[in-house]
There are 2 protein chains.
Amino acid sequence: MGEKVAESGLYGIGEAAARTGASERALRYYQELGLLTPCARTPGGMRRYSEADLARVARIRELQSLLGLNLDEIAVVMRSDDRMSEIKAAYQGTKAGTAERAALLEESLELQEHLLQLVQAKKAALEDFLSDLEGRIARIEELGER
Amino acid sequence: MGEKVAESGLYGIGEAAARTGASERALRYYQELGLLTPCARTPGGMRRYSEADLARVARIRELQSLLGLNLDEIAVVMRSDDRMSEIKAAYQGTKAGTAERAALLEESLELQEHLLQLVQAKKAALEDFLSDLEGRIARIEELGER
DNA sequence: AATAAACCTGACGTTGACGTGAGCGTCTGA
DNA sequence: TCAGACGCTCACGTCAACGTCAGGTTTATT
């Protein structure tokens with residue numbers, strides 16, 4: 001029970017949903033938006049998800065809940081990530097970088113740094129909120145005793 | 001331009017919207033949900049917002065964007081906040097606390113501490129995300145030079 | 001007194017992120 | 001080999017959080 005499908009080392013959509021906490025519908029929807037294409041299908045057409053696919057789902061959900069990005073914004077981030085992987089893969093072959101590759105790198109770097117700004121701002125805001133909250137709690141406790 | 005209405009020291013809904021970044025519709029909607037009732041109306045029925053009202057809007061928006069709470073959840077938090085104010089106000093009069101007051105305090109305390117858990121969890125997750133992101137950026141830069 | 005700008009209350013429309021069901025094919029264990 | 005579980009593709013439904021009119025009122029200014 002709760003196992004990989006056959007000997008493939010892959011998961012069916014049910015297991016994938018169970019393991020990620022997303023619904024099956026959500027997984028299919030992410031695919032519709034081009035966010036996550038399962039690494040394989042069976043000859044009969046059933047989706048098969050790899051561990052990497054599950055990690056991708058986790059990333060999507062984090063970008064959603066932690067940063068409050070919508071799925072279109074997340075798509076941008078993911079596509080940038082994907083291009084980085086491509087570039088890394090292509091790196092083995094071509095040795096030196098073409099101008100095109102440099103441009104992609106630059107673009108990706110900018111996006112990630114923009115993301116960094118966002119995360120840092122959010123973290124700062126959260127810290128402010130936290131100390132405010134601690135103050136509130138202290139005042140409540142103060143009202144409680146005595 | 002962009003000023004308080006008359007000599008009242010209060011704002012019309014337009015100014016309130018401009019100052020908080022929320023739309024007029026959003027402000028009316030918050031009121032529908034009982035999240036925020038403008039402190040006054042003109043004899044003719046137009047809403048007047050105080051600075052405290054604007055602060056309340058800011059709080060709502062923070063709970064939304066920072067913690068990802070929905071407006072119903074926010075309503076719970078706000079009502080708890082309001083009850084704290086009531087209790088504080090009543091405190092001046094009654095001297096010692098009734099059992100009822102103690103119960104309200106306890107309830108409020110629990111809610112705020114639950115909120116605290118949430119915020120701390122979120123902060124931790126954000127920090128993880130942040131270091132991950134910094135790693136990504138470092139690797140991109142590494143690919144760039146050389 | 002009159003005009004424009006700001007605001008009012010319904011009430012229906014929109015958008016994102018799925019939920020839900022129909023009707024049908026696929027896979028796996030006994 | 002076949003029953004039951006699992007999955008597939010449409011396609012319409014839902015829900016929160018507003019957006020966007022319409023048709024009338026209030027307020028500020030001239």
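Letters go in sequence order (proteins before strands), and every chain restarts at 1.
Of the listed nucleotides (dG19(C), dC18(D), dC27(C)), dG19(C) has the atom at the smallest distance from the side chain of Ser23(A).
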Worksheet entry | Arg28(B) and Glu24(B): CA distance, side-chain angles, deciding distance, salt bridge (charged side-chain N to carboxylate O under 4.0 Å, His left out) verdict | CA-CA 6 Å; Arg28(B) 295 197 189 98; Glu24(B) 302 184 11; 3.5 Å; yes
Response to the item:
5' to 3', nucleotides 5-11 of chain D under a 4.0 Å protein heavy-atom cut-off (B base, S sugar-phosphate only, - none) gives -BSSB--
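When the P atom of dC7(C) is taken as reference, atom CG of Leu10(B) falls 13 Å away, rounded to whole Å. Atom CG of Leu35(B) is separated from atom P of dA16(D) by 14 Å (rounded to the nearest Å). Per the geometry, CG belonging to Leu36(B) stands 13 Å off P belonging to dC18(D), to the nearest Å. Summarising the geometry, the separation between CG on Leu27(A) and P on dA17(C) is reported as 15 Å, rounded to the nearest angstrom. Across the protein-nucleic acid pair, Glu32(A) atom CD and dT15(C) atom P stand 17 Å apart, rounded to whole Å. In this structure, Leu33(B) atom CG and dC18(D) atom P are separated by 9 Å, rounded to whole Å.
The closest side-chain donor-acceptor pair between Ser85(B) and Asp82(B), if any, does not fall under 3.5 angstrom. A side-chain donor from one of Arg61(A) and Tyr30(A) sits under 3.5 Å from a side-chain acceptor of the other. Counting only N and O atoms by type, the side chains of Asp81(A) and Gln112(A) include a donor and acceptor under 3.5 Å apart. If you check the side chains of Tyr49(A) and Glu15(A), you find no donor sitting under 3.5 Å from an acceptor.
Between Arg136(A) and Glu141(A), no side-chain nitrogen of the basic residue sits less than 4.0 Å from a carboxylate oxygen of the acidic one, so the salt-bridge criterion is not met. Salt-bridge formation is not detected for the pair Glu134(A)/Arg139(A): no Lys NZ or Arg NE/NH1/NH2 atom is positioned less than 4.0 Å from an Asp or Glu carboxylate oxygen.
Of all the residues in residues 64-79 of chain A, Gln64(A), Asn70(A), Leu71(A) reach under 4.0 Å from DNA chain C with at least one non-hydrogen atom.
Looking at Arg48(A) and Pro38(A), their side chains never come closer than 4.5 Å, going by heavy atoms from C-beta outward.
Nearest-nucleotide assignment on DNA chain C puts the 5′-proximal partner with Ala26(A), out of Pro43(A) and Ala26(A).
At least one side-chain nitrogen or oxygen of Thr42(A) sits closer than 4.0 Å to the OP1 or OP2 atom of dC27(C). A sub-4.0 Å separation between OP1 or OP2 of dC18(D) and a side-chain N or O of Tyr30(B) is present.
Remark: Glu73(B) engages no residue in a salt bridge (Lys or Arg N to Asp or Glu O under 4.0 Å) (not counting sequence neighbours).
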